[in-house]
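Proteins come first, then strands; the chains are lettered A, B, ... in the order of their sequence lines, and each starts at number 1.
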2 protein chains.
Amino acid sequence: MDKASLKDLHMLVEHVGPLHAGDHVFREGDPFEAIAAVRAGTVKTYIVDREGREHVLGFHLPGEVIGLNAIDGETYPCNAVALDTVMLCRFSFPRISVLATRVPGLQQHLFRLMSRDIGNAALLAGDWSADQRMASFLIGLSRRLAARGFSADRFQLTMARTDIANYLRLAPETVSRVLKRFQDDGLLKVDRRELELAARDKLEALAAPVLRL
Amino acid sequence: MDKASLKDLHMLVEHVGPLHAGDHVFREGDPFEAIAAVRAGTVKTYIVDREGREHVLGFHLPGEVIGLNAIDGETYPCNAVALDTVMLCRFSFPRISVLATRVPGLQQHLFRLMSRDIGNAALLAGDWSADQRMASFLIGLSRRLAARGFSADRFQLTMARTDIANYLRLAPETVSRVLKRFQDDGLLKVDRRELELAARDKLEALAAPVLRL
DNA sequence: CGATAGGTTGACGGTTCTCAAGGGAGGTGG
DNA sequence: CCACCTCCCTTGAGAACCGTCAACCTATCG
């Protein structure tokens, strides 16, 4: 992307935050105007079904983009809430679309982001065991954190057990039990929300079929 | 979209087919060059995991586009196979990308298609009962067929029970049993692959939480 | 007519959910 | 500083749903 385009992109960015744990970035039904990139913190996207159950669509770390599933529609189809202190860059979608017609690299980037989301959504949709799902969650998180310069083997969970459960389609009790068993088997050290991947290779092996490696 | 743009679009279309049941449109690992719109028939996209199990990503009817999940990558991440006699329009992706920069309506259309796929992938990912999943599959199929001018209440399944099972993350036996129970309860009339939705309202009610209505 | 693939049905077992109760950390107010 | 409260998490017992295994059935086709 050339200098002028970067400047254009800079022009339509709106910096948002800090948001604090529990603050919503947007809610289901809000008019869709913008996508947003996480700059710091963790954002959880989720919906509540008519039976009152929460379904977590994803956890979004710094560098990741939220709101792409809202493009097809007038309103956001889900909620987005900060799990800790969050900083965002907000991009007006009509404006970034126009810019994308002038900057092919930007268009391509958006295409790829969306394409990746389609693939990711399909991964966890498979029918995996609780162990496989938990391992793939942990390995996925670890890799994404490592890619952003954080430690790959030792990190804090920013989400509650219940959030993990609603993301992995498990009962919170099952999340608790799997984590305990992983710890008993030496795969993991767990202390409240602090995690250490003690046997990364074994976790990778469990996660491999889910992550398609 | 104006006349000249339509002509441009026409220029980069390649008509493919007829393909016959079992013919592959593309396979996992093939170099990604093009997306394709189904013109006639049904295409199944699927992957085979390292445990040898097949995961069906979707069934694609006339008017629907396949290959969008391949944009982020050099190769197709899944297989696409014809379930019956299939006609396709193939669009070179590099060329349609370039065209999209000149035709904002086309860019917007592609964005929306991809956004919709992200949402759809998330829907079936929830933890629904076998009954809810089957009902939402049938209602979804019925609606998509109706939107294309086919009968909404009476149609032929183009896919095997096993395919439905691998799509819904159920055992084939469970698919068989649920269909039988739906028939016994008067929701459905099933004769091999021919279906009649006898109590659409009850099926809709079952499917509602999944389809978010 | 036999072979084969796809579909159905039944019995059984396992993984995970539900329900219920019991910790433990962190915050608040006395 | 400590009691108390609340939220989150853990642990246990039992049940339910669905998967697995096995047998059988029924079209279709050579």
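- When distances run from any side-chain atom of A130(A) to the nucleotides dG7(C), dC17(C), dT16(C), the shortest one goes to dT16(C).
- Straight-line distance from the CD1 atom of I164(B) to the P atom of dG7(C): 8 Å, rounded to whole Å.
- Rounded to whole Å, atom C1' of dT10(D) lies 12 Å from atom CD of Q183(A).
- An OP1 or OP2 oxygen of dG19(D) is reached within less than 4.0 angstrom by a side-chain nitrogen or oxygen of T174(B).
- Side-chain atoms of R177(B) and base atoms of dG10(C) include a donor and an acceptor less than 3.5 Å apart.
- Distance from the side chain of S176(B) is smallest for dT9(C) among the nucleotides dC18(D), dC17(C), dT9(C).
- Put simply, CZ on R133(A) is 13 Å from C1' on dC17(C), counting in whole angstrom units.
- Protein atom CZ of R181(A) is 8 Å distant from nucleotide atom P of dT16(C), rounded to whole Å.
- Phosphate proximity of dT10(D) to R161(A): present, with a side-chain N or O under 4.0 Å from OP1 or OP2.
- Taking the six-membered ring for Trp and the full ring otherwise, the centers of F59(B) and Y167(B) sit less than 6.0 Å from each other.
- A close approach under 4.0 Å does not occur between any side-chain nitrogen or oxygen of K180(B) and OP1 or OP2 of dT8(C).
- Using a distance-only test at 3.5 Å, with no hydrogens or angles considered, no donor-acceptor pair links the side chain of R95(B) to the main chain of L12(B).
- The interatomic distance linking E173(B) (CD) with dG10(C) (C1') rounds to 11 Å, in whole Å.
- Checking side-chain atoms of R148(B) against main-chain N and O of L61(B) turns up no donor-acceptor pair under 3.5 Å.
- In this entry the distance linking CD of E51(B) with C1' of dG19(D) reads 14 Å, nearest Å.
- Note: F93(A) and F32(A) have tilted aromatic rings, judged against thresholds of 30 and 60 degrees for the angle between ring planes.
- Backbone-only contact: A160(B) has heavy atoms under 4.0 Å from sugar-phosphate atoms and none from a base.
- Screening D163(A), D23(A), D84(A) for a salt bridge (Lys or Arg N to Asp or Glu O under 4.0 Å) with K44(A), the sole residue that qualifies is D163(A).
- Note: CD (E54(B)) to P (dG6(C)) measures 11 Å, nearest angstrom.
- Taking atom CZ on R193(B) and atom P on dT28(D), their separation rounds to 11 Å, with Å as the unit.
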